[in-house]
Amino acid sequence: MSMRQDVLVVGSIGLDSVKTPFGEVSEVLGGSAIYSSLAASYFTSVKLVGVVGEDFLNQHVELLKRHGIDLTGLTTLQGKTFRWKGDYGYDLNEAITLDTELNVLSGFNPQLPEVYKDIKYVFLANLDPDLQLSVLKQLRKPEVVVCDTMNFWIHGKRDSLIEVLKRVDIVVMNDAETRELCKEPNLVKAGRTILSWGPKRVIIKKGEHGSLMFANGSFFSAPAYPLEDIFDPTGAGDTFAGGFIGYLASCGQMNDMNIRKAVIYGTTMASFVVEDFSVLRTAALNQQEIKDRYREFQEMVHFGE
Ligand code: AMP
């Protein structure tokens, strides 16, 4: 019998200033751990480990609590919360980073609360790979560790990042980052290269073009939802990963079919987050909306015998 499992999320918590062709926001709630824990919270209980500064608003903490997210592992340090400033042109697949202020993230040394060390489903969201490694070392018996990263760390800490990738089960990355990391334009070859380092699966997100999943001996291609109104793509990758691991943990059992469904649940959650800025859309979702969109995906890819 399989049992629903909790998810541990470790990642950045930030205040984002974002400009897209459709609007602009300043210092709104963001960060890889925020997007992914909110998405995962629709499937299972989430424990979040991260750091904020003294300027982090209580209303953000309340929002996370309303989603049942356990904040025992949330640390407040003296100083300012992490900030990221990004811009998108009409190609919404590519974020242009204008500014990254690590602030309290640079002095962060994640210490897992004792009971978190036994959690089996773990998402290492985009964060300094040295911190991701430190979390990995504290886990006692993880069963499924998923990790994500971005160009900032591919350029700044490539060696540590590869150490992380060697030790996790599933790598989730976007197409441009995969090409950069592997120095290989072909995604199939790049996917194989990452697999050769150790992980069992690699999922490459291609923004509005869906995602590809590689494993030794199997391949899965998922479409993206044909949304007409994409407002702000920030957080799509993290939300995908949160929905993915949240669903897997809710099954409590890893098999190829559950993993494929998890990819579609991840895509479903990502299709919502881009409909509005920050977490406005994902914080206001209900189970029925998620189910309905998942069904639409099933119909979209169904083509008979
Ligand atoms: P994505 O899902 O790839 O769109 O991730 C967007 C989120 O990543 C934003 O909310 C940012 O706060 C966060 N972010 C940006 N740069 C970094 C970084 N260097 N380390 C960790 N998180 C980051």
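Every number for a ligand or one of its atoms is a count from 1 in the order of the listing. Index from 1, following the sequence.
For ligand 1, the atoms closer than 4.0 angstrom to any heavy atom of Y35 are 10 (O). Proximity to T234 (heavy-atom distance under 4.0 Å) selects the following atoms of ligand 1: 4 (O), 6 (C), 9 (C), 10 (O). Interface atoms of ligand 1 facing G237, defined by a heavy-atom separation under 4.0 Å, are 2 (O). Close approach to G30 involves these atoms of ligand 1, each under 4.0 Å from a residue heavy atom: 10 (O).
Of the candidates D128, N174, I13, D238, the one placing a heavy atom closest to atom 2 (O) of ligand 1 is D238.
In this structure, the separation between SG on C182 and CH2 on W197 is 4.5 Å, given to the nearest 0.5 Å. In this structure, the separation between CG on L15 and CH2 on W84 is 13.0 Å, given to the nearest 0.5 Å. The structure places CD1 of I204 at 14.5 Å from NE2 of H209, a figure rounded to the nearest 0.5 Å.
Of all protein heavy atoms, the one lying nearest to atom 16 (N) of ligand 1 is M150 SD, 3.1 Å. When only non-hydrogen protein atoms are considered, atom 9 (C) of ligand 1 lies nearest to D16 OD2, 3.2 Å. Scanning all protein heavy atoms for the shortest distance to atom 4 (O) of ligand 1 gives G235 N, 2.7 Å. Nearest protein neighbour of atom 21 (C) of ligand 1, counting heavy atoms only, is N126 O, 3.3 Å.
Close N/O approach between W153 and ligand 1 is found [any backbone or side-chain N/O within under 3.5 Å]. The N/O atoms of S12, backbone and side chain alike, include one that comes under 3.5 Å of an N/O atom in ligand 1. Not a single N or O atom of F152, backbone or side chain, sits closer than 3.5 Å to an N or O atom of ligand 1. Note: an N/O pair closer than 3.5 Å links G31 and ligand 1 by distance alone.
Remark: the backbone N or O of Y121 is not paired with any side-chain donor or acceptor of Q5 at under 3.5 angstrom. Judged purely by atom type and a 3.5 angstrom limit, Y225 has no side-chain atom pairing as donor or acceptor with the backbone of E296.
Residues meeting the salt bridge (charged side-chain N to carboxylate O under 4.0 Å, His left out) test with K291, sequence neighbours left out: none. By the salt bridge (charged side-chain N to carboxylate O under 4.0 Å, His left out) test, K189 pairs with no residue at all, sequence neighbours left out.
Contact annotation: for A236 versus ligand 1, heavy atoms closer than 4.0 Å belong to the backbone alone.
Contact check on D169 versus K200 returns a salt bridge, with a Lys/Arg side-chain nitrogen under 4.0 Å from an Asp/Glu carboxylate oxygen.
Judged by the shortest distance from any of its heavy atoms, F82 lies inside the 4.0 Å radius around the atoms of ligand 1.
Ring to ring, Y265 and F244 are not that close: their centroids are 6.0 angstrom or more apart.
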Assess the residue pair R140 and D118 against the criterion (salt bridge (charged side-chain N to carboxylate O under 4.0 Å, His left out)); give the C-alpha distance rounded to whole Å, side-chain angles, the decisive distance to 0.1 Å, and a yes or no. CA-CA 6 Å; R140 281 195 276 256; D118 292 320; 2.9 Å; yes
